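Contents: one structure, followed by commentary.
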Amino acid sequence: MTSAEVRQSFLDFFRSKEHEIVESASLMPSSPNLLFTNAGMNQFVPYFLGDRPAPFKRAADTQKCIRAGGKHNDLEDVGFDTYHHTMFEMLGNWSFGDYFKKEALEWSWELLTKVWGMPAERLHATVYKPGAGDPAEFDQEAYDVWAAIYRAEGLDPEKQIHYGNKKDNFWMMGETGPCGPCSEVHIDLTPDGNGGHLVNAGTPWCIEIWNDVFMQFNATEDGRFVPLKAKHVDTGMGFERVAGIMATTDGFKDFTKAPSNYNADVFAPIFAKISEMSGKSYGRTMPEDRNNLSPEEMRDVVFRVLADHARALSCAIADGILPGNEGRNYVLRRILRRAIMFGRRLDLKPGFFTELVAPVVETLGGTFPELVERREVIEKVIRSEESAFDRTLDRGLQEFERIVARLG
Ligand code: GLY
């Protein structure tokens with residue numbers, strides 16, 4: 001399946017389950033305690049809290065998210081691994097006081113195994129089991145649904161179901177707001193399929209692909225978890241992860257290659273542009289030691305950083321968030337500067353980062369038309385930021401060389 005087919009089949013599946021397909025919200029968050037929209041559920045917070053009635057009982061979408069500041073911040077990992085992004089699409093489905101755990105988990109299973117053909121025995125589920133001082137109780141209901149699903153597949157629930165405390169299995173958008181226990185699906189991508197013990201071990205060989213959150217509480221500023229008036233479902237699936245897994249395994253036929261989101265075709269035109277500008281090709285290497293990269297590892301880190309950061313900057317600017325000196329604007333400036341610093345490692349010419357807007361628009365413009373509409377503005381803003389930072393870097397370098405010459 002191509003990336004576009006993965007996205008479309010997710011939406012089609014939930015349309016067939018009577019979900020309203022809605023537009024991605026802007027990356028400019030509607031909640032005041034967020035830097036960026038960081039999850040598909042952000043735009044639905046008033047429905048979860050009961051502040052406004054939901055216009056539909058069920059919804060699904062693909063949501064642009066940025067996790068580069070605040071509670072969910074992946075910036076420093078981007079490039080050094082193959083599965084974190086600053087900007088990514090989150091596929092999600094929601095129930096507003098309608099269906100709950102049974103339907104949510106059974107539909108997740110149906111889409112993953114029956115529609116997409118993921119091997120059942122490679123899928124592991126996690127269930128909330130609170131540690132000392134954690135809110136709520138063991139999620140017996142989710143456990144029972146998973147146990148029935150695995151038994152029906154002839155699999156042993158004890159081997160396929162894992163437990164997590166508040167850190168891994170209780171989802172919160174930020175420090176406050178709607179939240180609840182969650183149940184994740186992880187896929188074992190190890191060559192021999194014996195990687196279940198790697199669940200939540202921080203490796204791409206066994207990785208979370210879908211999170212089903214059961215919204216039951218409102219976390220308040222004084223640290224309480226107040227039960228919500230109704231119970232809701234909020235799910236999130238990493239689109240690039242799923243598309244990357246499908247590409248890497250050739251549709252779940254080949255588990256010998258190292259998994260990487262960047263194998264998804266949604267990154268290919270951006271990589272092609274970086275190759276054209278640098279004369280180098282992406283080699284799919286992974287750093288052995290982050291602090292001591294080989295030239296090949298550094299080249300591939302740079303490819304990943306540039307592709308990711310070009311997508312983040314383009315989407316944020318299209319949504320009216322500009323690089324600047326404070327708050328979310330400063331986070332964007334930092335992402336852009338990180339990209340330029342990494343780009344220099346490939347000897348890319350000044351202005352290279354602006355050139356990456358075109359392949360971002362090519363790959364994402366069909367899904368997020370604001371990229372097409374605001375392409376000129378995006379290029380103008382990036383060009384001006386890029387040239388200002390290039391001048392600063394060059395001045396710094398000249399000064400450094402003068403000092404070295406004086407000392408020598
Ligand atoms: N809101 C669900 C998630 O981000 O995982």
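Heavy atoms only: backbone and side chains are in, while hydrogens, waters and symmetry mates are out. All ligand and atom numbering here is 1-based and tracks the order in the structure. All values reported here derive from a predicted model rather than from experimental measurement.
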Counting from 1, what ligand 1 atoms have a heavy atom of Arg67 closer than 4.0 Å?
4 (O)

What do you reckon, does Met90 put a non-hydrogen atom under 4.0 Å from ligand 1?
yes

What one should report as the nearest heavy-atom pair of Asp188 and Phe255 is O-CE2, 4.3 Å

For Asn211, counting its heavy atoms only, list the atoms of ligand 1 lying under 4.0 Å from any of them.
3 (C), 5 (O)

Atoms of ligand 1 under 4.0 Å from any heavy atom of Met41, numbered from 1 in the order shown, are 1 (N)

Ionic contact status for Lys64 with Glu370, cut-off 4.0 Å:
yes

In terms of side-chain geometry, is the basic nitrogen of Lys273 or Glu276 positioned less than 4.0 Å from the acidic oxygen of its partner?
yes

Short list, please: which atoms of ligand 1 are under 4.0 Å from a heavy atom of Val213?
2 (C)

More than 12 foreign heavy atoms under 6.0 Å from NZ of Lys17: is that the case here?
yes

Heteroatom proximity flag, Asp234 to ligand 1, N/O under 3.5 Å
yes

Whether Glu376 and Lys380 form a salt bridge (side-chain N of Lys/Arg under 4.0 Å from carboxylate O of Asp/Glu) is what I want to check.
no

